[in-house]
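Residue numbers start from 1 in every chain, and the chains themselves are labelled A, B, ... in the order their sequence lines are given, proteins ahead of strands.
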Protein chains: 2
Amino acid sequence: MSENAQISIDKIVENLISIHPLLSKNFTRAIRSKTNLNPGSLFILGLLKKYTVLSMTEIGCKLSMPKPHVTAQIDKLIAEEMVERLNDPNDRRIINIRLTDNGLKDFESIKLEITEELRHRIEKLSTEKIERLYAASAVAREILTEIMIEPSTPGNDCKR
Amino acid sequence: MSENAQISIDKIVENLISIHPLLSKNFTRAIRSKTNLNPGSLFILGLLKKYTVLSMTEIGCKLSMPKPHVTAQIDKLIAEEMVERLNDPNDRRIINIRLTDNGLKDFESIKLEITEELRHRIEKLSTEKIERLYAASAVAREILTEIMIEPSTPGNDCKR
DNA sequence: GAAATTGGTTACAAAAGTATAACTATTATT
DNA sequence: AATAATAGTTATACTTTTGTAACCAATTTC
């Protein structure tokens, strides 16, 4: 580890720790005021859109969510008919979760609603800043997804 | 608003909404397991480090935190002797909050602890990716801070 | 085939965050 | 001077999230 790289890591962490409350306050407020879902179940929907099918354990692992909580959230999403439980043909213990057609559609429109204020804020930026934020958010998403979802310590593997 | 800019905004929102749970799960877990503070009070400390002095109302405004919750959080931070209340000489209704010397020191060491796992994950990246993530996080922080902390709708102004 | 492990659920307790109303003290309005 | 508005606290109720332990069913291990 070069000294320069270490300095960069310190600054990355400093930046991420500043970004977090900004996103958190915006999204959680909007979720509460504009939907009857909670942040946790929205995270699950986003995950399912990306991975198509995930078991209960995999969901909990990728979101660092305790298993009993995953069960409760999925129960709510099933009551809303946004996801469905599928039995795994290879292992009858496993219950796979998948978005329903309605669930995907509803998720997209919910996302539009909860990001409305954020969109308005971004719109006010100059075209140059929008392009810079676009590039930056894409890079951050790509690399953070790589390092956060993949296994960290051995044995903490989330598969898929 | 050009069509291209609108497409960029959509993608920015999509990226941010993906990044949020990644940061959220990492930080909130670490905060719970490694400190006796809660995420909300850490947000306040980060804000105070940036602004030096803020009133109760300003804190609540910038973090979208209800006023009674701000009172409770500050009470805890005062019990830990990390912040102090100061009377405002110009307006005796206002109570200003400032980090104590110890508070700043403790905050820095808490940050080191709660970002330990994140550092290890970043360290495993190539130097090229670290540099890209550094640049991206700096741009995202700069622009998001600008649009999220500043007033959105008129009358929702947080001052300072 | 017995024992241990894994996937998921149930039940319960506790922490954290959100929302609202009522209240005091101070300042601003008129 | 009376009234309205603002800053902050207290009290209360509720939702969301986290954590733990016990439990069943299915699979793996030895």
Trainee: List the residues meeting side chain to side chain contact (heavy atoms under 4.5 Å, CB included) with A:Thr127, not counting sequence neighbours, and say none if there are none.
Mentor: none

Trainee: Do any pairs count as a side chain to side chain donor-acceptor pair (under 3.5 Å) and have a residue in residues 74-83 of chain A, sequence neighbours left out, and if so which ones?
Mentor: A:Asp75-A:Arg85

Trainee: How many Å lie between CD1 on B:Ile74 and C1' on D:dA7, as a whole number?
Mentor: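 Going from CD1 in B:Ile74 over to C1' in D:dA7 covers 14 Å.
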
Trainee: Could you tell me whether B:Lys11 and B:Glu14 make a salt bridge, using a distance below 4.0 angstrom between a side-chain N and a carboxylate O?
Mentor: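 Salt bridge flag = no for B:Glu14 with B:Lys11.
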
Trainee: What integer distance in Å separates A:Ile59:CD1 from C:dT9:P?
Mentor: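 Those two atoms, CD1 and P, are 10 Å apart.
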
Trainee: When the distance from CG of A:Asn90 to P of D:dT27 is rounded to whole Å, what number comes out?
Mentor: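 Roughly 10 Å, once rounded to whole Å.
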
Trainee: A:Arg85 side chain: which of D:dT9, D:dA26, C:dT9 is closest?
Mentor: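 From the listed options, C:dT9 comes nearest.
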
Trainee: Starting from P on D:dT17, measure out to CD1 on B:Ile31 and report it in whole angstrom.
Mentor: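 It is 16 Å, rounded to the nearest whole Å.
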
Trainee: Verify the contact: side-chain N or O of A:Thr57 to OP1 or OP2 of C:dT6, cut-off strictly under 4.0 Å; return yes or no.
Mentor: no

Trainee: Salt bridge check: are B:Glu117 and B:Arg29 linked by an N-O gap of less than 4.0 Å?
Mentor: no

Trainee: Output the rounded distance in Å from CG (B:Asp91) to P (C:dT26).
Mentor: 10 Å

Trainee: Can a salt bridge be assigned to the pair A:Arg119 and A:Glu116 using a cut-off of 4.0 Å between side-chain N and carboxylate O?
Mentor: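 No.
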
Trainee: What does the B/S/- profile of nucleotides 15-25 of chain C look like, 5' to 3', with a 4.0 Å heavy-atom cutoff to protein?
Mentor: -SBBSBB----

Trainee: So which one's nearest nucleotide on DNA chain D is more toward 5', A:Arg92 or B:Val70?
Mentor: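 Closest to the 5' end, via its nearest nucleotide, is B:Val70.
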
Trainee: Where the side chain of B:Asp75 is defined as all heavy atoms beyond and including C-beta, which of C:dT26, D:dA7, D:dT10 is the nearest nucleotide?
Mentor: D:dT10

Trainee: Quick one: B:Asn87 CG to C:dT27 P, roughly how many Å, whole number?
Mentor: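 One finds 11 Å between P of C:dT27 and CG of B:Asn87, rounded.
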
Trainee: To the nearest 0.5 Å, tell me how far B:Asp10 CG sits from A:Tyr134 OH.
Mentor: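 It is 10.5 Å, given to the nearest 0.5 Å.
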
